[in-house]
Amino acid sequence: MVRDVRITGTGQLLELSARLRRAGHNNIRSSFARRIRRAAEPLKNDLQTAIRHLDIRSQGRGAGKRGGASPTTRPLRSSIAEAIRISVRTTGDPGARVWLDRSRLPSDIPAGLVDRLNEGRLRHPVFGNRRRWAQQNATPGWWDRTVRSHTDRITREVARVTDDVRRRIE
């Protein structure tokens, strides 16, 4: 799974950010960052929608098996969706980055869980009992497919923003 998505036009963005710094155009720089963030927003929204509507299936309980309510009231998919973030930089390594902020996930969600959900197979202990395991299946590639569908549009939009800003500072 691609852990984060970086939209950069490295050469153009580096050269443009250096020119913006030299020119001291703070309002142009903030406008540049805002427009790049706006280009990445639909990707973030679609990733959140994809995880919220991800179909996670299990085998279910067999006849005579015990079971009960979940020990947590926090929904897994919503917690993951809320942890998807965007960051924009106009200096150093300029561009937009859409990523999963693991620090915003609840502490009981393991670090690799989202990667395994993207692979389509989630294996976990039943209610924390490490001697008893369950497997759940999801549609593989929810992150990768969503990113691929947005890459061309975002690349075009960043190129357009870069050209607009370049024209304004020349």
Side-chain angles (χ1 to χ4, degrees), residues 1-14 33-62 65-159 161:
M1 173 179 146
V2 178
R3 293 196 194 295
D4 59 27
V5 182
R6 294 169 195 254
I7 305 300
T8 60
T10 54
Q12 290 179 340
L13 288 175
L14 284 171
R34 184 175 55 252
R35 290 176 67 190
I36 289 179
R37 174 178 293 278
R38 202 174 302 141
E41 278 290 334
L43 172 59
K44 175 189 169 202
N45 295 339
D46 282 357
L47 283 169
Q48 289 175 330
T49 300
I51 188 63
R52 283 190 175 113
H53 295 101
L54 184 66
D55 184 28
I56 302 175
R57 300 168 305 284
S58 67
Q59 300 281 329
R61 294 188 196 106
K65 300 285 184 177
R66 291 178 291 165
S70 172
T72 176
T73 58
R74 174 194 24 77
L76 171 70
R77 287 168 252 184
S78 291
S79 298
I80 294 171
E82 290 166 10
I84 297 173
R85 310 272 314 268
I86 296 176
S87 60
V88 176
R89 291 179 53 161
T90 57
T91 60
D93 183 20
R97 180 177 173 221
V98 178
W99 53 293
L100 183 77
D101 185 358
R102 297 190 192 279
S103 69
R104 294 188 71 175
L105 289 174
S107 59
D108 62 336
I109 294 180
L113 179 119
V114 178
D115 295 337
R116 290 192 300 271
L117 271 177
N118 189 54
E119 293 166 4
R121 180 174 177 252
L122 177 61
R123 196 166 172 271
H124 60 89
V126 176
F127 297 115
N129 180 355
R130 308 224 22 110
R131 289 183 287 161
R132 198 168 168 98
W133 289 76
Q135 177 177 320
Q136 293 180 283
N137 300 309
T139 308
W142 66 271
W143 180 279
D144 299 335
R145 213 176 23 257
T146 306
V147 168
R148 246 183 273 120
S149 70
H150 283 269
T151 302
D152 291 338
R153 181 194 55 78
I154 293 174
T155 303
R156 283 192 311 272
E157 182 67 20
V158 167
V161 168

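- Contact record, Thr146 with His150: O-CD2, 3.2 Å, taken as the closest heavy-atom pair.
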### CA sep, side-chain torsions, deciding dist, call: Ile154, Glu157, side chain to side chain contact (heavy atoms under 4.5 Å, CB included)
CA-CA 5 Å; Ile154 293 174; Glu157 182 67 20; 5.6 Å; no
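- A donor-acceptor pair is defined here as one N or O able to donate and one able to accept, closer than 3.5 Å; such a pair exists between the side chain of Arg145 and the backbone of Pro140.
- For the atom pair CH2 of Trp142 and CG of Asn118, the computed distance is 6.5 Å after rounding to the nearest 0.5 Å.
- The shortest side-chain heavy-atom distance between Leu43 and Ile86 does not fall under the 4.5 Å cut-off.
- Of all non-hydrogen atoms in Val88 and Ala33, the two that sit nearest each other are CG1-O, 3.7 Å.
- Taking a 6.0 Å sphere around CZ of Arg57, one finds it holds more than 12 heavy atoms contributed by other residues, nucleotides or ligands.
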### Task
Assess whether side chain to side chain contact (heavy atoms under 4.5 Å, CB included) is satisfied between Lys44 and Glu41, documenting all intermediate values.
CA-CA 5 Å; Lys44 175 189 169 202; Glu41 278 290 334; 4.3 Å; yes
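- One distance of note links CG of Asp46 with CD1 of Ile51; it measures 13.5 Å at 0.5 Å rounding.
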### Message
Let's go through Leu100 and Leu105 carefully: what are the C-alpha distance in whole Å and the side-chain angles of both, what is the deciding distance for side chain to side chain contact (heavy atoms under 4.5 Å, CB included) to 0.1 Å, and is it a yes or a no?
### Response
CA-CA 9 Å; Leu100 183 77; Leu105 289 174; 4.3 Å; yes
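- In this structure the side chain of Leu117 reaches within 4.5 angstrom of the side chain of Ile56, judged on heavy atoms.
- Looking only at distances, no side-chain donor or acceptor of Gln136 sits under 3.5 Å from a matching main-chain atom of Leu122.
- Counted within 6.0 Å of NE2 on His53, heavy atoms from surrounding residues, nucleotides or ligands total 12 or fewer; the atom is thus considered open.
- With rounding to the nearest 0.5 angstrom, the CZ atom of Arg52 is 10.0 Å from the OG atom of Ser79.
- Looking at Arg131, its side chain never comes within 3.5 Å of a backbone N or O of Pro125 through a donor-acceptor pair.
- In this structure, Ile109 CD1 and Arg104 CZ are separated by 13.0 Å, a value rounded to the nearest 0.5 Å.
- Here the straight-line distance linking atom CG of Asp55 with atom CZ of Arg77 works out to 7.5 Å at 0.5 Å rounding.
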